[in-house]
Amino acid sequence: MDHYEQTMLAYHKKHGLFEKGDRLVIGVSGGIDSMVLLQFLSKKRHQLGVHLTAVHIDHMLRGEQSAEDRRFVEQQCKLWEVPCESFAVPIPAILAENGGNMQNVCRQERYLIFERVMKKTDSTVLITAHHADDQLETILMEGMRGSLWNGAFGMHIKRPFGSGMLVRPQLAVTKAEIAHYAQLNKLPYREDPSNASDTYTRNRIRKAIVPAMAQENPRASLHFSELAEQINEDVAFLQQLAEQTLKELLPSDKELLISAESFRSYPSALQKRMVLLLLNYLYDDKRVLITSHLAEQVRELLQSSSGTVFLHLPQNYMMTRQYDQVFFEKPKECLQRQRADIGHSWSPPVLGSRYRVVPVGEEPEAEDAVFWYFQSEEAEFTLRGREPGDRILLAGMNQEKKLARLMIDEKVPSQQRDNWPIIVAGKHRVLLVPGLRTAACLSRTKRSEDNRVLVKQCIDHAK
């Protein structure tokens, strides 16, 4: 048995890439990598116990030449008795209408078709022809872009795709081994001229850097492929541990509230992953670019429990650290608060806490609660958003201060000032601006004239 075949079968056995009875969809461009893989899988399909469907996509970028690629793949599939689904996608027209990066658009359209064919054929595995040299190129590109921070190291051997898995069996072999197998078996294939262009970063790496590394060590790309495998196994373990740890730190599934001190007790490797998880939970699968700079900003704010700090996040989301309590809020929660009567019941969550006003002597036995005593003739106590003209009398001041000016001084982001929550007695008497300042009339010590108590309780201790 040829070295390529032995290596591929051993790799499949080691990683359990697919199971007997599985239906596989394989992307076939007509190039040497995909033609070798197609021939190997078609030859071994009965031994492996799998069903195979080839998919070819003509991006219509090279006119008649790419149309010939399509006919070539269809003919070879017929010769090897492999069902083939081929498509022509007008990439030039899509780019003219919607713009975008050509390679990204091609990839997006390609994988949409792969997923569609998988559903049509009831397949659970998508096979691509990426090999060890491709893995090395990917790692080098990610390193140069500084995008290795996201936790993945190169390409995964297998990963979820659609309702099944995407699998890369040829990460076990080099381009040279693929070429040797093609020559040995006299396999036909077609070359895409764009692969020789220096326009693309990957091509420049492929032509200049990878050969130089292979000259130093012919097995360099295999060593990097093995390294990626080991690192990604470690990454998967750390990710699982980060998910478990974060679940223990969050008081509930509904509130993104965390203790900065507890967060800091874990190693930085877990901290970085927990930050990414928090941001992913916050945005709930929305298409938001989470950069390394943003993730590091969030982690830095969690390194202290002193004072109140705000971080404005993309799409008007907000992170607030109020001493040790850190919470993340969506726009509808932090900018569109409804009025709440807190003279008869607890308020909804406000910056990680809830509030209520009760008569003196009726203070609730609430764990981790703060009590402010004050005198009031008003019968109504309300949590609401800030309104024009709202002012607060602060301790040590003779005149009331506009809340707008207070928020500027406290460095509240402009997008959040208009509806920042406040607590008022009656219509306009401001008692408290949560997370910022208390009115001069509030006292932590009960006085003879006081007849009301404003109670604040952290959410994680609320019953």
Please test Phe381 against Tyr355 for ring-ring contact (aromatic ring centres under 6.0 Å, His included), starting from the C-alpha separation and ending with a verdict. CA-CA 10 Å; Phe381 302 94; Tyr355 295 85; over 10 Å; no

Donor-acceptor pair, distance only, cut-off 3.5 Å: does the side chain of [X] make one with the backbone of [Y]?
X      : Y      : result
Arg391 : Leu403 : no
Ser123 : Val125 : no
Ser353 : Val350 : no
Ser225 : Ser221 : no
Gln303 : Arg299 : yes
Gln170 : Ala129 : yes
Asp324 : Glu261 : yes
Arg384 : Ile422 : no

Do other residues, nucleotides or ligands put more than 12 heavy atoms under 6.0 Å from the [atom1] atom of [X]?
X      : atom1 : value
Gln240 : CD    : no
Phe161 : CZ    : yes
Glu19  : CD    : no
Glu248 : CD    : yes

Nearest 0.5 Å, what's the OG1-CZ distance between Thr128 and Arg110? 10.0 Å

Nearest atoms (heavy-atom pairs only) where [X] meets [Y]:
X      : Y      : value
Asn451 : Gln375 : OD1-CA, 3.4 Å
Glu142 : Gly154 : OE1-N, 3.2 Å
Thr445 : Asp450 : O-OD2, 4.0 Å
Thr382 : Ile342 : N-CG1, 4.1 Å
Thr121 : Arg23  : O-CD, 3.2 Å
Leu171 : His131 : CD2-O, 3.4 Å

Which label fits Tyr317 and Tyr283: parallel for a plane angle under 30°, tilted from 30 to 60°, or perpendicular past 60°? tilted

Can you tell me which residue among Leu256, Leu302, Val298 is in a side chain to side chain contact (heavy atoms under 4.5 Å, CB included) with Val326? Leu302

With side chain to side chain donor-acceptor pair (under 3.5 Å) as the test, would you mind laying out the steps for Thr174 and Arg219 before giving the verdict? CA-CA 8 Å; Thr174 64; Arg219 294 182 59 82; over 6 Å; no

Between Met407 and Trp420, is there a side-chain heavy-atom distance shorter than 4.5 Å? yes

Scan Asp33, Asp134, Asp133 and name whichever one has a salt bridge (Lys or Arg N to Asp or Glu O under 4.0 Å) with Lys175. Asp33

Going through the distances and angles, do Glu229 and Lys14 end up as a salt bridge (Lys or Arg N to Asp or Glu O under 4.0 Å)? CA-CA 12 Å; Glu229 181 182 336; Lys14 176 183 177 182; 3.2 Å; yes

Criterion salt bridge (Lys or Arg N to Asp or Glu O under 4.0 Å) on Arg273 and Glu243, from CA distance to verdict: CA-CA 8 Å; Arg273 287 166 174 79; Glu243 290 173 4; over 6 Å; no

What verdict does the side chain to side chain contact (heavy atoms under 4.5 Å, CB included) test give for Ile423 and Val433, after you've listed the backbone C-alpha separation in whole Å, the side-chain angles of each residue and the deciding distance to 0.1 Å? CA-CA 6 Å; Ile423 292 174; Val433 183; over 6 Å; no

Does Met118 form a side chain to side chain contact (heavy atoms under 4.5 Å, CB included) with Thr124? I'd like the steps, not just the answer. CA-CA 7 Å; Met118 286 178 72; Thr124 55; 5.6 Å; no

